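Working notes, structure below.
First listed ligand is number 1; within each ligand, the first listed atom is number 1. Please read these numbers as outputs of a predicted model, since none were measured by experiment. Keep in mind that the numbers below use all heavy atoms, side chains included, and drop hydrogens, waters and symmetry copies.
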Amino acid sequence: MIFLQLVLDLLSFSAAILSALRRSPVLGQKVFMHTVEEFILRQLDLAKLAISEIKMIPSLASEVLKVAQEVLNASVGLCRAYHQALNSESCGMKTDNDGGFIDTEKVDNLNHIATITTCTIDRLYELGILAATGGGSLVTILNVSWKGVVTLLQLTTGDVATKVNVTDILLTLISLATNSLRGAAESWSSTLKEDIALTEAKRTFLPVKFYLINAIRLLSHYPRQAFTIYKEIILCGLMISTFHVSLSKATHLKASSEALTELLEPTSILLLHSILNSVEVNQESKIQILDWLFTDADHTSPIYLEEMNTSSTTSMKEIFSVTCESLPTTRILLIGRVLLFLDLLKSSPDLGEEVRLGIARKLNWLFCCLIDGHVYSIVLDLHMPVVKAVGSASELGWQPIFLSVMHTLKTFMIVVSSTLAWEEVETFLLENLCHPHFFLQEIVTELWCFFVRHAEIEMVKNTIDQLLSILKLMVSSEPALMPGSALRNMARCICMLITNAPQSIVDQVYSSIVTDDRSPTTSIIYINLLIEGFPLNLLSDKLKKLAAKRLITGYHSFMESNVKKLQVDNFSGSCSSSVLGGPVYALSSALHCLQISSSDVDDKTLKFTLALIHGCRNTTESLKDTYCKILNQTLAIISIMKHLYASSQMREVILELHTLFSMRSVPTDARLNQCKPGLALFMAGLSHMNIVEVEGSPVISAICEIYHMLLRERHWAFVHLAISAFGYFAARTSCSQLWRFFPHDAAVSFDIDTGSEANEDRFMSELKAFLEKEVALHEVVPCTEQLAFLVSEALILKELVKKSLTINPEDSVSDTMEIDNENQVNKKRKLPDEISEGMSLLQSGLKIMGDGLSQWQQQNSNSTEFQKFSSHLTCLEDVIAHLAGLAESG
Ligand SMILES: *[C@@H]1O[C@H](CO)[C@@H](O)[C@H](O)[C@H]1NC(C)=O
Ligand SMILES: *[C@@H]1O[C@H](CO)[C@@H](O)[C@H](O)[C@H]1NC(C)=O
Ligand SMILES: *[C@@H]1O[C@H](CO)[C@@H](O)[C@H](O)[C@H]1NC(C)=O
Ligand SMILES: *[C@@H]1O[C@H](CO)[C@@H](O)[C@H](O)[C@H]1NC(C)=O
Ligand SMILES: *[C@@H]1O[C@H](CO)[C@@H](O)[C@H](O)[C@H]1NC(C)=O
Ligand SMILES: *[C@@H]1O[C@H](CO)[C@@H](O)[C@H](O)[C@H]1NC(C)=O
Ligand SMILES: *[C@@H]1O[C@H](CO)[C@@H](O)[C@H](O)[C@H]1NC(C)=O
Ligand SMILES: *[C@@H]1O[C@H](CO)[C@@H](O)[C@H](O)[C@H]1NC(C)=O
């Protein structure tokens with residue numbers, strides 16, 4: 001006891017001495033300096049000894065800690081005082097002497113101070129490690145020792161820095177931080193389902209923040225030393241962001257996730273910035289860091305291909321087992337890398353020009369990651385806490401990562417808008433405008449819209465002009481009206497952009513696409529843009545009137561010139577140069593956004609419809625497809641032009657449609673499927689018709705049978721069409737005997753699980769659920785099943801993207817998901833035998849004709865008949881050669 005008291009007194013005494021020395025630091029006496037050096041060392045050793053044995057002396061613990069802390073503080077203070085004295089002395093020297101003069105006494109002093117400082121740093125560093133493992137009671141020692149280390153290292157220059165291993169100290173701080181986090185991960189993942197309180201989470205993260213802050217201070221002072229261990233430093237940041245995701249996933253760790261957002265996220269970003277922003281780290285090194293951090297998204301290494309275990313608690317511990325060597329092949333930190341990248345985008349205003357440029361070049365990396373199955377599901381589904389500014393204060397809220405992705409990308413666009421990096425960003429956005437993955441295309445389109453809303457009008461104009469000229473180029477190489485083709489995609493993007501543009505631009509684009517009536521390119525562009533939703537409603541009033549007039553005139557002249565021809569099976573002639581049926585597509589698409597007076601669309605439409613139905617039933621095979629598509633559009637037009645349902649010809653249309661859809665054969669069905677979207681709309685519109693419910697009325701039974709056919713469809717897309725049409729009809733019609741309209745074996749009457757038994761109650765409940773769902777908004781709360789579902793969806797999508805990027809785009813554009821496997825009977829798979837047979841007949845016929853022609857030529861080669869015949873035969877040869885080529889590739 002007495003001995004301990006003695007130690008205590010000794011420590012207080014030395015603290016007092018050190019403080020006294022600090023107040024009047026005397027430089028110059030060599031012997032004295034040496035004594036001071038020895039003295040400090042001894043005191044610090046004593047303090048360390050006392051602290052390390054603190055558990056043995058619980059009664060005096062707090063007092064010992066207090067004086068030990070004073071000793072530490074005082075020794076730091078003394079070192080600081082010496083440095084100040086030295087500095088003021090050297091300032092004075094400079095004025096007294098004219099350089100060149102070397103003061104041996106000063107060199108001695110320098111050496112002594114350097115030694116004293118080095119020793120102090122070493123001892124404080126050791127104490128810092130000791131205190132870090134010593135638990136809560138040593139927090140004051142922890143505080144004093146690490147702050148002391150950092151303060152002294154900030155004071156000193158070259159000579160001390162060579163004696164102290166700064167890299168080592170930095171590494172220690174980083175590993176203390178990750179060890180604390182690892183401990184938290186272990187204890188939290190074992191306390192399953194027990195909520196962790198916010199205060200406990202904060203208590204856990206405070207020391208981590210403390211280590212990181214001190215690391216950042218050192219790092220900004222010694223960037224070159226820090227650069228040698230940039231991998232370790234960044235790995236720490238990656239672990240924090242990955243851990244953040246794991247915490248957000250687990251419901252019982254929500255508070256911890258919030259605490260991490262508040263305490264560690266800003267620090268972790270600062271850590272990264274300190275390296276990337278340092279003036280002493282050269283540009284190549286910074287790029288090297290970005291390259292190391294944001295590459296290898298290809299996932300070709302075997303570990304990447306392993307199925308990810310989505311159980312959050314198991315992966316939580318694994319996060320902290322990653323090393324710098326294993327990082328490039330480790331999948332588990334990938335989401336952390338994505339978040340870190342987003343953090344860099346978000347904080348890009350604080351980054352240097354060259355780093356921004358480096359980041360802009362890595363945007364492709366981000367996109368590769370976003371379509372990774374695991375990342376995709378998390379980005380879409382997982383909510384994470386973010387700090388939002390609310391007025392002048394800030395507030396913590398939860399939001400999907402997807403929103404952060406959009407927000408940060410937009411921030412980055414603004415930041416780089418007038419710099420060198422903009423070119424990179426612009427190129428990136430252009431390249432990905434038609435990305436085959438819908439998710440990325442959505443992102444890029446939204447970014448372009450953001451650009452259009454905020455950029456200067458001249459810039460917007462130029463961009464849209466550029467896109468239009470690309471569209472023009474595409475017309476020659478793409479099928480004119482294929483849904484999902486690159487042409488349509490591009491048209492869709494342009495329409496989205498224009499929808500966000502000022503009126504003057506909308507007007508200008510419209511005028512440019514209607515200038516040249518005769519050019520087939522312009523008319524294909526016109527129709528594609530209308531189909532993809534050109535915002536006619538945004539035109540100025542004058543142009544709006546013109547647009548409506550143009551649509552109606554085109555539609556009428558098309559109907560008039562074709563209604564007769566359809567009956568004699570001689571369609572097309574007049575518009576072979578442009579899209580077949582273009583004016584019908586144009587009107588049907590425009591009706592959604594442009595007011596067209598009902599008097600402009602009259603009974604002629606019904607007559608035309610009848611002719612089309614006739615055409616669908618009775619025409620050469622090659623045209624049937626076109627007829628069905630036009631019929632689809634026409635039925636959609638009728639469904640919007642409600643007054644047509646009152647027309648006397650409507651009866652006939654219904655009866656004819658019924659006959660058409662009663663035809664049963666596989667190729668006919670496949671083609672007729674193309675009319676079904678229009679048919680469903682048409683059938684819904686029947687609610688506006690006054691239907692007289694008499695027994696045996698052919699119209700009623702035709703309507704019933706068409707509904708029966710629609711409601712029997714088993715494909716989910718058709719089920720949806722049919723049931724929404726029927727729902728609309730049932731809610732508005734004056735018919736009272738609704739039961740007639742649904743068949744006993746409607747698709748939704750079946751229980752998916754048990755199989756075959758049809759059940760009317762089920763139909764009713766499904767219909768009810770459907771109708772309710774249409775109006776109800778339901779909040780999406782992420783859950784494990786949803787995540788798993790998104791993962792599998794992402795895998796399918798990624799495969800599709802891979803395919804469409806490697807093979808001829810023309811083959812893959814129509815190869816969309818699931819739905820089309822049933823739908824696309826006319827897809828190129830294997831050609832029917834009849835076609836090959838016909839081909840060989842055609843080819844042998846051609847040969848015989850060629851022989852005959854050469855005989856004829858010898859007799860009278862000058863006759864005009866011969867000339868005509870010969871030129872036609874040459875055309876025929878071309879066509880057949882082309883067909884043969886198609887048949888072979890099919
Ligand atoms: C630490 O020392 C400084 C002078 O260097 C002094 O101002 C401060 O009060 C001391 N703090 C403690 C806790 O002793
Ligand atoms: C750490 O030291 C600073 C002064 O350097 C003091 O303000 C702070 O309260 C201390 N913190 C703890 C936890 O002791
Ligand atoms: C400093 O410490 C690091 C890590 O502990 C070590 O690799 C390096 O060799 C040390 N440098 C010197 C000069 O001792
Ligand atoms: C994921 O980990 C859990 C718990 O360790 C285990 O039960 C499950 O089978 C694992 N799943 C996969 C796909 O490896
Ligand atoms: C088909 O139309 C073209 C041009 O309109 C015309 O020259 C031709 O005689 C028509 N053929 C038939 C069989 O009516
Ligand atoms: C097709 O039209 C021709 C004459 O134009 C007619 O003889 C034939 O019966 C029609 N076929 C069908 C199935 O309507
Ligand atoms: C049929 O018309 C509907 C509605 O206008 C449209 O959504 C659909 O794409 C059209 N289908 C075909 C094959 O043209
Ligand atoms: C064909 O016509 C040319 C002049 O157009 C004439 O020189 C030649 O003799 C004629 N040949 C025959 C076989 O009629």
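The shortest contact between atom 5 (O) of ligand 3 and any protein heavy atom is with Asp168 OD1, 2.8 Å. Protein heavy atom closest to atom 7 (O) of ligand 7, with residue, atom name and distance, is Pro677 CB, 4.8 Å. When only non-hydrogen protein atoms are considered, atom 6 (C) of ligand 3 lies nearest to Asn165 ND2, 4.2 Å. Ranking the protein heavy atoms by distance from atom 4 (C) of ligand 7 puts Leu681 CD1, 4.1 Å first.
Protein non-hydrogen atoms do reach within 4.0 Å of atom 14 (O) of ligand 7. Protein non-hydrogen atoms do reach within 4.0 Å of atom 2 (O) of ligand 3.
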Inset, instruction - Test Arg217 against Val150 for side-chain contact (heavy atoms from CB on, under 4.5 Å), laying out the working first. - result: CA-CA 7 Å; Arg217 288 197 183 121; Val150 173; 3.6 Å; yes
Inset, instruction - Quick one: do Glu37 and Leu41 satisfy side-chain contact (heavy atoms from CB on, under 4.5 Å)? Show the steps, please. - result: CA-CA 6 Å; Glu37 192 183 309; Leu41 259 184; 5.5 Å; no
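Inspection of the Ser326 and Thr323 side chains reveals an N or O donor paired with an N or O acceptor under 3.5 Å.
By the 3.5 Å distance cut-off applied to N or O atoms, Asn632 is counted among the residues near ligand 7.
Remark: of the listed residues Leu644, Thr605, Leu606, Leu606 is the sole one forming a side chain to side chain contact (heavy atoms under 4.5 Å, CB included) with Val653. The only member of Thr521, Leu529, Asn528 that meets side chain to side chain contact (heavy atoms under 4.5 Å, CB included) when paired with Leu471 is Leu529.
A side-chain donor-acceptor contact under 3.5 Å links Tyr222 to the backbone of Leu153.
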